[in-house]
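One structure below.
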Amino acid sequence: MEQRARYDFKAIEARWQQDWAARDLFRTRLDAGRPSFYYLDMFPYPSGHLHMGHLRNYTIGDVISRYHVMRGENVLHPMGWDAFGLPAENAAIKHQTHPDPWTRRCIEQMHEQLNMLGISFDWDREVNTSSPDYYRWTQWLFLRFFEAGLVGRQEAAINWCPSCATVLANEQVLKDGTCERCSALVAKKRLEQWFYKTTAYAQRLLDDIDQLDDWPDAVRTMQRNWIGRSEGFQFAWPVVGSELSFEVFTTRIDTVYGVTFMVLAPEHPLVEQLVAGQPQEAAVKAFVQQVLGGDQFARQAADAPKEGVFTGAFARHPLTGAEVPIWLANYVMMDYGTGAIMAVPAHDERDFAFATKYQIPVVPVILPEGETVDGVGLPYLGDGVQANSGPYNGLPNRPAMVKMAEDLESAGTGQRTVNFRLRDWCLSRQRYWGCPIPVIYCPACGVVPVPDDHLPVLLPTDVAFTGEGNPIASSATFRQTTCPHCGAAAQRETDTMDTFVDSSWYFLRYASQPADSAFDRAELDRWMPVAQYVGGIEHATMHLIYARFFTKVLYDLGLVGCQEPFARLFTQGMVTKEAWWCDAEKKWYTAAEQLDAAGRTPQGHATERIVKKMSKSIGNVVAPESICDSYGADTGRCYILFVGPPEAEAEWQDEGVSGVHRFLTRLWRCLVPPAGAWLPDWRAQLTDLDEPARAVRRKLHQTIERITSGIERFALNTSVAALMELVNVVLPFVEQRIGSSATLADRAVYSEAAEVTALLLSPFAPHLADEIWAATGHHGSTYEATWPVADATVAKAARVTVVVQVNGKVRARLEVEAGVDEAAVRAAAAELGPVVAALAEQPVRKAIWVPGKLLNLVT
RNA sequence: GCCGAGGUGGCGGAAUUGGUAGACGCGCUGGAUUCAGGAUCCAGUGGCCAUUAUGGUUGUGCGGGUUCGAGUCCCGCCCUCGGCACCA
């Protein structure tokens, strides 16, 4: 009868999920006197399909959350949906559905898939950024930013597909600069757009990175570089023979006497006026078209050919009065600095390459110590002494830089400035499926914000999804409105917000969801800042900077009490899987069985094995549902943790899953069926244990230590391995000793092991843990129990292995009492054959002793 | 290109602070059980050389260095992955 019993994961998981739901087990506990712990996962875009990245993220989170609950804390562990965005709009065009019901259906599906995994989310706090009761408050926050002067309008370029007559996202533009849908050449178009003034917070965003001690250094470094503070000098260059001038920013004012040409970015606003009616006009316009149409990354490559065109205009050097030609070039970017540079070919690699190509003079003005103007190797990028620099000749360039800046400043020619690489955040999107920007354009009053009591500005439903233009503008009712000020006919803004706006404050809405405000301050004070945030490394800069920016603004407005939203951050790696690319057939193969032993296709073509992020386009996707179906959620959860360190990329291997399933099966077999051996008062019976029984207890208590510290350190892969090792010790003990004739002492050891294992397993495989819990006579769930504490005395090994090295090479191993001293080990080592042979009668010059571990004899 | 991360057996990975390289799992090999397949169990498993239970030697992307001792620290290369502002 026992023979036929099986680990029926389907019945076990269904039973416990039902039990947890019936008892509302995961509702956020708010007991007074317990510490609060806010655990946050990055919420998903509801594609309708849970993927392995989600499984990984939410399993990590569930382990952390459940652990903290068992440690006696009040834990906030919410989930929601980043539900606005491009895919729903694309689906609307493709399937002629409306994004709203489509998104709701997707959410329902994913909700079910998440429940199947047994994650301990408090669904009472679910948020959906695309629902009016959420985006109403996104709009409300926009208005607060507006009042604070932190929203503005500027011109910015967008990708415009002339054939689709629509704006394209960067990812919709292919590498060759064509539209992914119709292959037409994509143009750049300038539009007035809304911006959040992130640059106003650049310095604080940078400074406060120092406080984020519990963030990965890699993320902090990436953010510092993203913000990109640089100190330099900004000054105007007048255009010869005109009233025009343009601003230039440089970090190398010491090289200003070496300027031999000026460069404007092709998209610089001055370009049109400079060339209007000039002979160069046609050539310049053609060049601008060519650069802006191309791949913008390729444009930034240092080895990309430097291309440029002379405008025919000249600028006057503010110090020497010389006339300097003004060029356009592909290597100057409009979005950094002022979009214009003073070019110093002698001391800048890119300027040098450009000057060489177009035969522009090169004038060295910084010389290395002891070098002459004629002898210096160019371009010279290092420090040195000023030359060709008028009154500054002979000065070392560093102090010269300071002096020149001071002199220019006092002469009224420009000023020292700090420049940030960070740009203002363009939040306008010419799309339907986003949060409408709550602004009205009145012919008389101008830009008028929608009053708070008119919120939400709802997305219209009478729209057509044709793939042309912004669907919102096709609504007969949306755009026309009246001015809230004067009542005259006016027009609504049809742009919607970037979805990063929605995700910049969702963590505040989780803490409380009042109907009449965005959030409740008292609840924010209870939970914020987030104690632990976990999500993909791909969000290291953008999302995490935007959310920090929002929090700082809301702090300044008195709406939240903390300046940083996320106290501790952990970034998980992606989930990848192997696939084989056949270059001859231009085709992916996803199963090794399709290929022969040499990796050739049925058509005989060679393939290349590539490990890539799971994606639909390759077809190397494994759905968490299929794993739940054939192995169970507990197996899926343990496997995704076991596969590798959470911060690293994880390669999914189908064969690996069965190994983890086998482990859970063994665990079940070991601890569930022999439940008759359970002794409720096992603590009293742990006396007179023989060595095998003591070994089981030792391993058990060592495992408590390992898993506790493993969870604290996010070493979840080794925590699962520790559970496996434990089972490898407990199972033989159970099989040999726990039968009808088991002694009281053995039953006590078994009982302790069963109870503690259930608790240790609980965060990882909660269904099986509760099954063991029930089988050993407990009521309720391990979720309600207390995390075990290791007994250090029991965990301590009685004997240790000491390695004996001669000159750093291992020659022997000694098994000795723990706590043995150096003298004893040296004496024992001197008797060992291999050690004696290795010493070859040479005197021991020095001995290195690492207590309990290693003895190294140096001759 | 710029910024960030990583490279350890046939494979995924382990190795708190420089101290036994390869835990745990997959795969593979041999054996047990089974009508069969599967499942399960036992033993072995980095390479090379030898073989008497055993031993020697080599080994953490490549080339140098520091150290009694380096996967770990330093210098220089190569390769792979993530982000680069309208994917989220």
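Letters go in sequence order (proteins before strands), and every chain restarts at 1. Keep in mind that what you see is a predicted model, and the values were worked out from it rather than measured.
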* Asked: Under 4.0 angstrom, heavy atoms only, what part of the nucleic acid is Ala218(A) near: base, sugar-phosphate, or nothing?
  -> sugar-phosphate
* Asked: Just checking Arg220(A): base, sugar-phosphate only, or nothing, at a heavy-atom cut-off of under 4.0 Å?
  -> nothing
* Look at all strands and tell whether Val167(A) reaches a base, only sugar-phosphate, or nothing, counting heavy atoms closer than 4.0 Å. => base
* Paired with U34(B): which nucleotide, if any, by Watson-Crick or G-U wobble criteria at under 3.5 Å for both distances? -> none
* Which base, if any, makes a Watson-Crick or G-U wobble pair with G1(B), both distances under 3.5 Å? -> C84(B)
* To do: For Lys613(A) and for Glu651(A), locate the closest nucleotide of RNA chain B by heavy-atom distance; then report the residue assigned to the nucleotide nearer the 5' terminus.
  => Glu651(A)
* Asked: Does a distance-only test, which skips hydrogens and angles, find a donor-acceptor pair under 3.5 Å between the side chain of Asn856(A) and the base of C68(B)?
  -> yes
* Audit row: His54(A), Met110(A), side-chain contact (heavy atoms from CB on, under 4.5 Å) steps and yes/no -> CA-CA 10 Å; His54(A) 297 132; Met110(A) 288 183 77; 3.8 Å; yes
* Distance (rounded to the nearest 0.5 Å) between Trp194(A) CH2 and Leu427(A) CG -> 8.5 Å
* Would you call G18(B) syn or anti, using the 90° rule around 0? -> anti
* Asked: Reckon Leu86(A) touches a base, only the sugar-phosphate, or nothing at all at heavy-atom distances under 4.0 Å?
  -> sugar-phosphate
* Asked: Are Leu857(A) and Arg811(A) close enough that some pair of their side-chain heavy atoms sits under 4.5 Å apart?
  -> no
* Val850(A) near the nucleic acid: base, sugar-phosphate alone, or nothing, with a heavy-atom cut-off under 4.0 Å? -> base
* Which of these nucleotides, C81(B), C87(B), G19(B), is closest to any side-chain atom of Lys853(A)? -> G19(B)
* Applying salt bridge (Lys or Arg N to Asp or Glu O under 4.0 Å), name anything that partners Arg229(A), two or more places apart in sequence or on another chain. => Glu231(A)
* Can the ring centres of Trp425(A) and Phe195(A) be said to be less than 6.0 Å apart? -> no
* If you find the nucleotide of RNA chain B closest to Met574(A) and the one closest to Arg811(A), which residue's nucleotide is nearer the 5' end? -> Arg811(A)
* Asked: If you look at every strand shown and take non-hydrogen atoms under 4.0 Å, does Pro645(A) touch a base, only sugar-phosphate, or nothing?
  -> sugar-phosphate
* Donor-acceptor pair under 3.5 Å, Gln193(A) side chain vs C86(B) base -> yes
* Asked: Given that both distances must come in under 3.5 Å, which nucleotide forms a Watson-Crick or G-U wobble pair with U67(B)?
  -> none
* To do: Check the distance between C86(B)'s P and Lys188(A)'s NZ and give it to me in whole angstrom.
  => 10 Å
* Counting only heavy atoms not in Glu349(A), do more than 12 sit closer than 6.0 Å to its CD atom? -> no
* NA contact type, Glu647(A), heavy-atom cut-off 4.0 Å: base, sugar-phosphate, or nothing? -> nothing
* With distance as the sole criterion, do the side chain of Arg431(A) and the base of C86(B) form a donor-acceptor contact below 3.5 Å? -> yes
* Structure fact -> Scanning all shown strands, the Watson-Crick or wobble mate of G25(B) with both distances under 3.5 Å is C11(B)
* **Integer angstrom distance from the P of C62(B) to that of U72(B)** => 11 Å
* Sticking with atom P, work out how far G65(B) lies from G59(B), rounded to a whole angstrom. => 14 Å
* Within the structure shown, what part of the strands sits under 4.0 Å from Ser658(A) by heavy-atom distance: base, sugar-phosphate, or nothing? -> nothing
* To do: Answer with base, sugar-phosphate or nothing: what part of the nucleic acid does Leu422(A) contact at a heavy-atom distance below 4.0 Å?
  => base
* **Base C87(B) paired with Gln172(A) side chain (donor-acceptor, <3.5 Å)** => no
* To do: Just call it for His543(A): base, sugar-phosphate, or nothing, with non-hydrogen atoms closer than 4.0 Å on any strand.
  => nothing
* **Interatomic distance at P, G27(B) relative to C3(B), whole Å** => 43 Å
* Lys612(A) NZ to G82(B) P, straight-line distance once rounded to whole Å -> 5 Å
* Given the C1' atoms of G46(B) and G71(B), what is the spacing between them in whole Å? -> 15 Å
* Asked: What distance, rounded to whole Å, do you find between the two C1' atoms, one in G25(B) and one in G76(B)?
  -> 37 Å
* Indicate whether OP1 or OP2 belonging to C86(B) is found under 4.0 Å from a side-chain N or O atom of Arg429(A). => yes
* Asked: Think Thr221(A) has a side-chain N or O under 4.0 angstrom from the OP1 or OP2 of G4(B)?
  -> no
* **Under 4.0 angstrom between Asn225(A) side-chain N/O and C2(B) OP1 or OP2** => no
* Interatomic distance where NZ belongs to Lys577(A) and P belongs to G12(B) [whole Å] -> 14 Å
* Asked: For Ile545(A), which contact category applies under a 4.0 Å heavy-atom criterion: base, sugar-phosphate, or nothing?
  -> nothing
* Asked: In the structure shown, which nucleotide is the Watson-Crick or G-U wobble counterpart of C77(B), with both distances under 3.5 Å?
  -> G61(B)
* Side chains of Gln193(A) and Arg429(A), donor plus acceptor under 3.5 Å -> no
* Asked: Under 4.0 angstrom, heavy atoms only, what part of the nucleic acid is Arg662(A) near: base, sugar-phosphate, or nothing?
  -> sugar-phosphate
* Asked: For the pair made of CG in Leu191(A) and C1' in C86(B), what is the distance, rounded to whole Å?
  -> 12 Å
* Within this structure, what is the CD1-to-P distance between Ile848(A) and U20(B), rounded to whole angstrom? -> 14 Å
* Expressed as a whole number of Å, how far does the C1' atom of C86(B) sit from that of C78(B)? -> 36 Å
* **Any side-chain donor near an acceptor of the partner, Tyr134(A) and Trp505(A), under 3.5 Å** => yes
* Pair assignment for G55(B), Watson-Crick or G-U wobble, requiring both distances under 3.5 Å -> C49(B)
* **Sugar-phosphate only, base, or nothing, as touched by Arg706(A) at under 4.0 Å among non-hydrogen atoms** => nothing
* Asked: Paired with U17(B) by Watson-Crick or G-U wobble geometry, both distances under 3.5 Å: which nucleotide is it?
  -> none
* **Under 4.0 angstrom between Lys809(A) side-chain N/O and A21(B) OP1 or OP2** => no
* Asked: So what does Trp425(A) hit on the nucleic acid, given a heavy-atom distance under 4.0 Å: a base, only sugar-phosphate, or nothing?
  -> nothing
* **Span that lies between the C1' atom of G63(B) and that of A15(B), in whole angstrom** => 25 Å
* Which whole number of Å gives the distance between the C1' atom of U17(B) and that of C73(B)? -> 12 Å
* Can you list the residues that meet the side chain to side chain contact (heavy atoms under 4.5 Å, CB included) rule with Ala169(A), with sequence neighbours excluded? -> Leu86(A), Glu171(A), Gln172(A), Arg431(A)
